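Predicted model, so just to flag it, every value in this text is computed and none were measured. Remember, it's 1-based here, ligands and their atoms both numbered in the order they're listed.
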Amino acid sequence: MLIASLKPRTMGGTTNTGLLAYALARAGHPVTCYDADESLQLATWRAEVDDFPCEVHEADTPAFAETVYPTMDHSRINLVDTGHAENHPDIVDSVLEVADLVIVTASPTEPDYKRLTKPKRGTTLAKLIKRSTVLRPDGKPPTTVVLLNRCNPSPNAKRPKTYGDLLRNGGADGTEPRWDVLTTRIPRVEEIASAVGFPCNKRERKAPFDALVTELTHRGYIPETSPAAVIPSSR
Ligand SMILES: Nc1ncnc2c1ncn2[C@@H]1O[C@H](COP(=O)(O)OP(=O)(O)OP(=O)(O)O)[C@@H](O)[C@H]1O
Ligand SMILES: [Mg+2]
């Protein structure tokens, strides 16, 4: 299967993609990553640490569906990190043509909410996903979820709930696209802020992403793994 990590602009996408790859591997999934962002930060992360859990293939091409997707081992979980959808809609279009699951990273702040729902320039992610149906074999959009990140970790924090509800409900007046927002939230913490390019050797870099894998599994979006398949997390 192919999971695509998308965002309209800088939102913590590479951080989430990399830490999700670690968590999938901890859960016993065979994982392979693809870097479809021309900045190649995910590929660089893999090159800089000893414990990155899988290969990262460079794949920043608008021919992703034609040239990269056919080379994948579909018995594995393939995970692709994309760049700014605002600036590289051609690559995102090609990824959306073949993705099984899309995870949109979004931060619960006014600028990032507006950038996702009403960007001044560029095509909205909602429209990119909608138009992908024309090219997809089943004519349906990929299953898409929003992962709120950089959330105030306090249980009483208001903004994750406020912006989560706005996304779920199609904005304040219900006229905008409705998003399926995951229950799992990635907290705004220094250990995650500094995760890219470093080993995943801190509890704070693991727990929220283990919860994400659990939620995706419970929803039936990724397969269960047998206990025998679980590999030690020290790698
Ligand atoms: N959970 C978090 N808590 C605090 N800061 C975070 C968190 N996740 C990401 N960040 C910070 O957000 C910024 C963007 O992160 P990242 O590079 O992962 O985003 P991106 O969407 O891949 O950006 P780019 O546009 O470069 O591809 C970084 O400064 C990172 O430290
Ligand atoms: Mg990035």
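The residue from R26, E215, R203 that alone fulfils the side chain to side chain contact (heavy atoms under 4.5 Å, CB included) condition with D210 is R26. Residue E176 is tested with K118, K127, K114 for a salt bridge (Lys or Arg N to Asp or Glu O under 4.0 Å); the sole match is K118.
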**Prompt:** Does the salt bridge (Lys or Arg N to Asp or Glu O under 4.0 Å) test come out yes or no for D112 and R159, once each step is laid out?
**Reply:** CA-CA 12 Å; D112 285 354; R159 285 192 312 186; over 6 Å; no
Does ligand 1 have any N/O pairs with the protein under 3.5 Å, and how far apart?
from	atom 1	to	atom 2	distance (Å)
ligand 1	1 (N)	P187	O	2.8
ligand 1	3 (N)	V189	N	3.3
ligand 1	12 (O)	R150	NH1	3.0
ligand 1	18 (O)	T14	N	3.4
ligand 1	18 (O)	T15	N	2.8
ligand 1	18 (O)	T15	OG1	2.5
ligand 1	19 (O)	G12	N	2.9
ligand 1	19 (O)	G13	N	3.4
ligand 1	21 (O)	K7	NZ	3.0
ligand 1	21 (O)	M11	N	2.9
ligand 1	21 (O)	G12	N	3.0
ligand 1	21 (O)	G13	N	2.9
ligand 1	22 (O)	K7	NZ	3.2
ligand 1	22 (O)	T14	N	2.8
ligand 1	22 (O)	T14	OG1	2.8
ligand 1	25 (O)	T10	OG1	2.5
ligand 1	25 (O)	H84	NE2	2.5
ligand 1	26 (O)	Q41	OE1	3.1
ligand 1	27 (O)	K7	NZ	2.7
ligand 1	27 (O)	D37	OD2	3.2
ligand 1	31 (O)	A193	O	2.5

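The Mg ion (ligand 2) lies at 2.8 Å or more from every N, O or S atom belonging to T17.
Note that CG of L6 and OG1 of T17 are 9.5 Å apart. Values are rounded to the nearest 0.5 Å.
A search for side chain to side chain donor-acceptor pair (under 3.5 Å) contacts involving T14 returns D81, not counting sequence neighbours.
No single ILVMFWY cluster, assembled from side-chain heavy atoms under 4.5 Å apart, contains both V80 and I3.
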